[in-house]
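In this text the structure is predicted, and so the values were computed from the model without any measurement. Per chain, numbering begins at 1; letters A, B, ... match sequence-line order.
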Amino acid sequence: MIEVRDLGVSRGAVPVLRGVGFSVSAGEALILQGPNGSGKTTLLRTLAGLQPPLCGEIRGDPEDCAYAAHADGVKLTLTVAENLEFWARVFGVTGIARALTGFDLEALQDRVAGGLSAGQRRRLSLARLMVTGRRLWILDEPTVSLDAASVQLFASAVRAHLRGGGAAIMATHIDLGIEGRVLDLAPFKARLSQSDADDGGFL
Amino acid sequence: MSIWEYANPKKFLRSTERVLPPLWLGSAVLITGGLIWGFFFTPDDYRQGATVKIIYLHVPSALMAINAWFMMLVASLIWVIRRHHVSALAARAAAPVGLVMTLIALLTGAIWGQPMWGTWWAWDPRLTSFLVLFLFYLGYIALWQAIDDPDTAADLTSILCLVGSVFAVLSRYAVNFWNQGLHQGASLSLDKEENVADVFAYPLYVCMAGFILLFIVLVLYRTGTEIRARRMSALLARERMSE
Amino acid sequence: MMPDLGKYGDTVLSAYGVSLLLLLVLLVLTLRRGAKVRAALRDVEHRVGRNG
Amino acid sequence: MIALLIRDLQLAFRAGGGFGLGLAFFLIVTVMVPFAVGPDAAGLAVIAPGVLWLGALLACLLSLDRLLSLDWEDGSLDLLATAPLPLEGVLSIKALAHWLTTGLPLVLAAPVLGVLLHLPAAGYIWIMVSLLIGTPALSVIGTFGAALTVGLKRGGLLLSLLVMPLYVPTLIFGAEAARRGALGLAGETPLLMLAGITLGTIALLPFASAAVLRVNLR
């Protein structure tokens with residue numbers, strides 16, 4: 001579904017990762033690990049097509065990715081249902097019922113998102129993935145501020161997504177109980193290169 | 001030997017290091033010479049009296065105010081199309097020079113206008129265009145200052161420069177149109193270039209050449225400074241990474 | 001030596017004064033920043049050169 | 001696309017959405033003018049078209065800061081950029097929403113405020129038409145400025161500094177049409193120029209806005 005070869009990414013003008021390679025096919029999950037600042041977010045943003053890679057290639061259809069960032073992307077003055085319906089319409093998907101049940105949001109659906117707790121808002125943000133209809137989920141710290149029950153809810157949503165032929169790439173610190181390969185980013189930390197290529201010849 | 005070789009920062013620094021001293025000297029000689037010639041050795045204009053001597057500052061600075069923006073536009077295009085860092089830095093280096101040139105043109109114009117038109121300021125199309133140009137320079141420089149990442153800043157300022165150029169031209173037409181609407185035909189503009197007598201013209205040419213040279217020197221020198229600053233931050237980033 | 005500027009003496013002199021002052025300020029700022037950056041770069045290059 | 005427009009309008013009309021702020025600002029600026037220049041009816045009549053145009057422009061400028069920064073802060077902008085909508089389209093819709101919530105109310109409010117400024121009777125239609133034609137350009141140009149400064153700390157002031165010079169031609173032609181109309185002169189030429197600027201910016205500027213927004217999202 002996505003194949004990455006010899007990928008290098010940079011934050012600002014500073015290269016953070018080099019030589020990253022992996023492939024994820026349908027039904028698989030890839031879990032990225034690494035200390036803070038190791039480039040997880042940068043890598044995920046690159047995969048989502050928000051920033052161009054420094055080098056290397058990403059094979060896969062960017063139109064097949066759904067990206068969920070650190071930030072919730074939830075509009076606080078809209079209700080839960082309105083938030084989801086908006087994204088469903090943007091992605092051309094009808095029906096938000098599955099997403100609401102999947103993340104246990106039915107009881108909250110007419111509540112204004114601003115009145116939700118941080119964890120509930122996070123669930124709403126993750127429920128958005130289910131109305132995108134995209135097969136590859138790119139998740140950046142999806143479990144932030146979720147309680148144990150909600151983490152389980154999320155894990156089962158991911159499992160269901162994988163069973164349905166989807167795939168997921170996520171950066172997370174906690175063990176979700178999702179069977180997936182773990183990719184430690186530490187070995188890919190960008191070393192000093194002798195080539196001037198990425199500094200425009202300033203070195 | 002292609003001109004793009006100078007887009008290599010090191011090559012640029014090495015070459016400018018060689019040509020800068022004679023250029024400094026040349027611009028200094030031309031400007032001092034031209035101004036002294038104009039100030040001491042030209043007669044007064046029969047209509048404008050001694051104020052005609054202001055022309056030796058006013059016209060060259062106005063010329064460079066516009067050409068500096070034009071050069072920034074070309075440099076921005078080169079950055080957008082060919083991604084040569086030196087080009088983006090040259091645009092950045094030229095902006096403050098252009099700003100000062102615009103300011104000189106505006107101030108000398110105001111000082112000149114006071115005795116000639118009886119007012120410091122008139123919303124004459126030319127003056128107004130320069131005022132708008134001044135605002136464009138301010139915005140452009142402020143945008144460079146506001147962004148930390150140099151490549152992002154280069155991208156954003158380049159596009160601002162391209163869009164700004166279109167709007168600057170539009171403003172020029174708008175202002176022309178607008179002022180004719182205000183006082184029908186009563187133009188205060190000074191079309192000196194066309195009827196300047198030779199006595200005034202020769203020192204003026206010298207001054208114009210001097211200002212052009214000064215602009216080139218300043219831009220080359222400032223681009224060199226920007227390159228060094230950029231190299232320094234690249235070295236520091238490298239040092240941080242190797243820790 | 002000084003040419004007779006007539007009644008416009010103040011005008012002409014102030015125009016020259018203002019312009020030359022502005023040019024001077026630009027020149028000084030340019031050269032000062034140039035020298036500062038040059039010196040700082042030399043420091044950094046020296047340090048980096050020693051370490052690596 | 002329609003969904004985005006509806007969402008932006010919903011957001012604007014909900015509590016804290018800022019709808020009406022621009023209008024209130026327009027009102028207050030216009031009301032302050034007679035306090036500043038004196039109550040003389042003839043004098044006010046002369047400057048009325050210009051004051052109305054300047055007030056509308058400032059009210060537009062005031063609301064630009066929220067145009068993209070709210071979506072940027074809560075992360076929606078990243079999500080929109082990865083959604084199956086072209087970014088040019090997203091920004092055009094955002095500009096349209098901004099115009100519907102800010103520009104259009106200004107057009108409707110202008111004649112009311114014209115009364116306060118003793119706008120000559122002939123001027124009402126001209127001020128409304130010129131604002132109607134000109135304010136879309138203000139929204140589109142403003143969207144470009146907002147895309148340039150999104151994500152910058154203290155971007156608000158910089159946004160004004162960058163956008164103001166870009167507003168010059170629109171302001172000149174718009175106010176000129178309104179002024180000529182108020183004086184009973186023919187204002188068709190500036191009005192046509194204004195329409196040209198508006199059409200040109202609507203057609204071309206979203207590409208520049210999307211380009212700078214992509215750079216800013218990197």
Side-chain angles (χ1 to χ4, degrees), chain A residues 9-13 41-42 44-54 61-79 82-94 112-115 121-122 124-125 128-129 131-134 136-138 140-141 144, chain D residues 1-21 63 66-94 96-98 101 147 150-153 209-218:
Chain A
V9 299
S10 62
R11 187 192 307 120
T41 298
T42 315
L44 290 175
R45 287 179 69 84
T46 311
L47 294 177
L50 282 168
Q51 58 179 74
L54 191 63
D61 185 8
E63 291 289 292
D64 212 13
C65 301
Y67 172 66
H70 270 292
D72 289 329
V74 165
K75 282 294 165 196
L76 300 182
T77 49
L78 299 182
T79 66
E82 282 170 339
N83 265 300
L84 281 177
E85 259 156 21
F86 164 65
W87 289 110
R89 290 188 62 188
V90 165
F91 283 89
V93 172
T94 45
V112 172
R121 224 177 280 162
R122 192 72 201 159
L124 170 56
S125 170
R128 186 185 68 86
L129 292 166
V131 300
T132 57
R134 298 277 174 99
L136 177 62
W137 290 1
I138 297 178
D140 196 355
E141 299 287 359
V144 169
Chain D
M1 291 286 215
I2 307 284
L4 181 61
L5 180 63
I6 292 171
R7 183 195 77 145
D8 273 9
L9 293 180
Q10 267 177 342
L11 286 173
F13 289 120
R14 292 278 160 92
F19 176 74
L21 268 184
S63 49
R66 313 169 56 89
L67 190 72
L68 293 174
S69 66
L70 293 180
D71 276 344
W72 162 269
E73 278 158 17
D74 66 15
S76 314
L77 208 54
D78 279 344
L79 302 181
L80 278 173
T82 54
L85 302 174
L87 210 48
E88 290 81 3
V90 169
L91 288 167
S92 302
I93 293 291
K94 291 238 159 236
L96 175 61
H98 178 261
T101 54
V150 75
L152 283 179
K153 292 149 257 138
S209 312
V212 293
L213 187 59
R214 280 198 193 95
V215 171
N216 266 327
L217 286 178
R218 277 203 306 242

Side chain, backbone, both or neither: which part of A/Val74 has a heavy atom under 4.5 Å from chain D?
-> backbone
Under 4.5 Å heavy-atom distance to chain D, tell me which part of A/Glu85 shows up: side chain, backbone, both or neither.
-> neither
Give the C-alpha distance, both sets of side-chain angles, the deciding distance and a yes or no for side-chain contact (heavy atoms from CB on, under 4.5 Å) between D/Leu4 and A/Arg89.
-> CA-CA 9 Å; D/Leu4 181 61; A/Arg89 290 188 62 188; over 6 Å; no
Look up atom CG in D/Asp78 and atom CZ in A/Arg45, then write down how far apart they are to the nearest 0.5 Å.
-> 4.0 Å
Among D/Asp71, D/Val215, D/Leu77, the residue with the most heavy-atom pairs under 4.5 Å to chain A is D/Asp71
To the nearest 0.5 Å, atom CZ of D/Arg14 lies from atom OG1 of A/Thr79 at 6.5 Å
For D/Gly75 and A/Ala71, the nearest pair of non-hydrogen atoms, with its separation, is CA-CB, 3.8 Å
Under the side chain to side chain contact (heavy atoms under 4.5 Å, CB included) test, which residues partner D/Ser92, sequence neighbours left out?
-> D/Pro206
Taking side chain as C-beta onward, heavy atoms only, is A/Asn83 less than 4.5 Å from D/Arg7?
-> no
So which part of A/Arg11 gets closer than 4.5 Å to some heavy atom of chain D, the side chain, the backbone, both or neither?
-> neither
Could you tell me which residues in residues 79-88 of chain D have at least one non-hydrogen atom under 4.5 Å from a non-hydrogen atom of chain A, sorted by residue number?
-> D/Leu79, D/Leu80, D/Ala81, D/Thr82, D/Ala83, D/Pro84, D/Leu85
